[in-house]
Amino acid sequence: MSENTEKHGFQAEVKELLRLMIHSLYSHREIFLRELISNASDANDKLRFLSLAQPDLMAGDAELKIWVDYDATKRTLSIRDNGIGMNREEAIAHLGTIAKSGTADFFKRLTGDQQKDSQLIGQFGVGFYSAFIVADEVEVFSRKAGEVASAAIRWASKADGEFTIETTTREERGTLVVLHLKEEAKEFADGWRLRSLVRRYSDHIAFPVLMRKEGEASLDWEAANQAQALWTRPRSDIKDEEYKEFYQHIAHDFAEPLAWSHNKVEGKREYTSLLYVPGRAPFDLYQRDASRGLKLYVRRVFIMDDAEQFLPMYLRFFRGVLDSNDLPLNVSRELLQQDSEVEAMRSALTKRALDLLARLAKDEPEKYATFWKEFGPVLKEGAGEDPTNREKILPLLRFASTHDESDDPKTTLSDYIARMKSGQERIYYLIADSITAARGSPYLEQLRAKGIEVLLLADRVDEWMMGYLREFEGKRFKDVSRGDLELGGLEDDASKAAIDEAVKENKKLLKRIKDALGDRVSEVKVSSRLADTPACLVLSEGDVGSQMRRILAASGQAVPETKPSIEINVAHPLIRRLDATRAEDEFGELALLVHDQAKLAESGSVANPGEFVRRLNKLLGQLMTAS
Ligand code: ADP
Ligand code: MG
């Protein structure tokens, strides 16, 4: 080691990543090459971008390239670029830590189960550190563009928790990564193998990936890839395999995309877009600060990785590329936010993305089911927040339903409408904590008895979303746990008369219950919802429901007071027994028990669980002494 050598420890997360990667990714070993070539390509992209403002950064070496070379005897493999390079500080920061937000959360989710971990790590994008899947030692030589030769650095590590960094001299600009391959990875020091990997994973990289022409000694280099950015080629020339590999390159995902849409727009505004629907959700899908957006190019020049201005938040799971002919090369994030051109592109791309989903839903329902499982709740955000495209989003929604046996959401609103009973004017739905809880809900009892279908919702966003939805194809949405059921033509005169009759007959009982419950409820009514349950609580239309209450409470916000009404199933034996109870204190205890049960069924908790259990046990005790 020379005098200026410094030793550094890796960030704890990097150590963890290295350990897991080496053990979990054995079956995907070859991805290291894709990652390193991708970094080389990024480095060239960045330099090309900077050189627009500072042309002398490219001085003497203006053709950006990537070189892949190997030495079978020494068992080494090297990847070199003449891009932006790294100085000492950058190498320490970038090759010793993981900058991505949510890293710590991500590591909490890793289990030590190899298969699961390799899936998760695949989502994380293993990047530079993947070199250690095949190498027991990695050296990085780099000279930053614009720096003198003697300011170059050498970074080295054996993945043992530490790396060293020292100053060295280097004639060439850019970065050279040298892998000292493990014995069991020596197959990668082979021209044929490398060439086929480059062709497979890096064909569409916009820079030539050069390899020696005939074996190790040759001085002739030739490109092993097409070196043409994929999206610039005509659609008809591109094979599905190539689209998939390009996706894996930009998304750092092992899995295949579910669908894509590649379009060239010409005319007043000119741009090419290539949008992908991933096959699974990234780990940080619900993190506010997670990076999202498209890779932005202006006239083939790479500008930024995550231009989030081109798609709305609720389509943040889309990955892809946007190459504009009109935006200025010096476009910045701030500029993108104000630009009216960008606004117009965003609205066109949003439509295109939604059309792609509609096509997937129609042509490949199984893939769409996968999409829905991974991203459904995110798309639901759009149903709420994007009134302009609501008409396009509503048909994309999928619901669990009392009509389906399986809990997998597969009912569309059109399915529902087609199955509506004659005289039915509403689209009935119920929101609960889980589909299972929804199925068991007392609110469904009479509707089920009448054979009326109810959509079952259990995602966190559902109450919020349904608050924005009024109707679909002229039929209004109706929450079956609120207000009047609005059965309209579904209710015959006989059952209406029966309810009126019951109200009359039970007038005294209802009053007694109201007196016993006091302020807990706004009103006591005869129920048209229940069959097997003695009572249920019913909110009015505008009240905040239990799902929203919990979300508000969890985020520390004030939860508005609501006072539900209670509906009584006057035919239920327990209610008949209540009616027959003369002693007022006993009546009061029983009425509170009925109320708390209803509260439990509605929101999953009661105001005073201890009291509730005490009351219940007292009653059980009486039952036991009676028998
Ligand atoms: P990512 O590419 O997703 O940022 P990586 O782990 O692949 O993550 O790389 C980490 C960082 O190291 C890069 O963001 C870049 O700053 C730096 N880096 C890696 N390879 C190179 C290279 N060939 N030239 C310049 N910088 C590089
Ligand atoms: Mg990378």
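Start at 1 and go down the list; that is how both ligands and their atoms are numbered. Because the structure is predicted, anything quoted here is derived from the model rather than measured. When a residue number appears, it is its place in the shown sequence, counting from 1.
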Ring geometry between Y243 and Y276 (parallel below 30°, tilted from 30 to 60°, perpendicular above 60°):
perpendicular

H204 side-chain N/O to Q228 backbone N/O, donor-acceptor pair under 3.5 Å:
no

Using only atom types and a distance under 3.5 Å, with no angle test, would you say the side chain of N82 pairs donor to acceptor with the backbone of R173?
no

Which atoms of ligand 1 have any heavy atom of T175 under 4.0 Å away?
22 (C), 23 (N), 24 (N), 25 (C)

Among R333, R292, K295, find the residue that satisfies the side chain to side chain donor-acceptor pair (under 3.5 Å) test when tested with D306.
R333

Could you check whether any side-chain heavy atom of K144 comes within less than 4.5 Å of a side-chain heavy atom of M86, counting everything from C-beta outward?
no

Any side-chain heavy-atom pair of W260 and D240 under 4.5 Å
yes

When you compare ligand 1 with G127, is there at least one nitrogen or oxygen pair between them that comes in under 3.5 angstrom?
no

Would you say ligand 1 has an N or O under 3.5 Å from any N or O of E35?
no

Taking the ring of F132 and the ring of F32, is the distance between their centroids below 6.0 Å?
no

Heavy-atom pairs closer than 4.0 Å: do any link ligand 1 to the side chain of V177, the backbone, both, or neither?
neither

Specify whether W155 and F128 have parallel, tilted or perpendicular ring planes, treating 30° as the upper limit for parallel and 60° as the lower limit for perpendicular.
perpendicular

pair W221-K65: side-chain heavy atoms closer than 4.5 Å:
no

So, is H252 polar-close to ligand 1, with some N/O to N/O distance under 3.5 Å?
no

Would you tell me which option among L95, V14, L176, N39 has the nearest heavy-atom contact to atom 7 (O) of ligand 1?
N39

Quick one: name the protein N/O/S atoms under 2.8 Å from the Mg ion (ligand 2), chain by chain.
N39 OD1

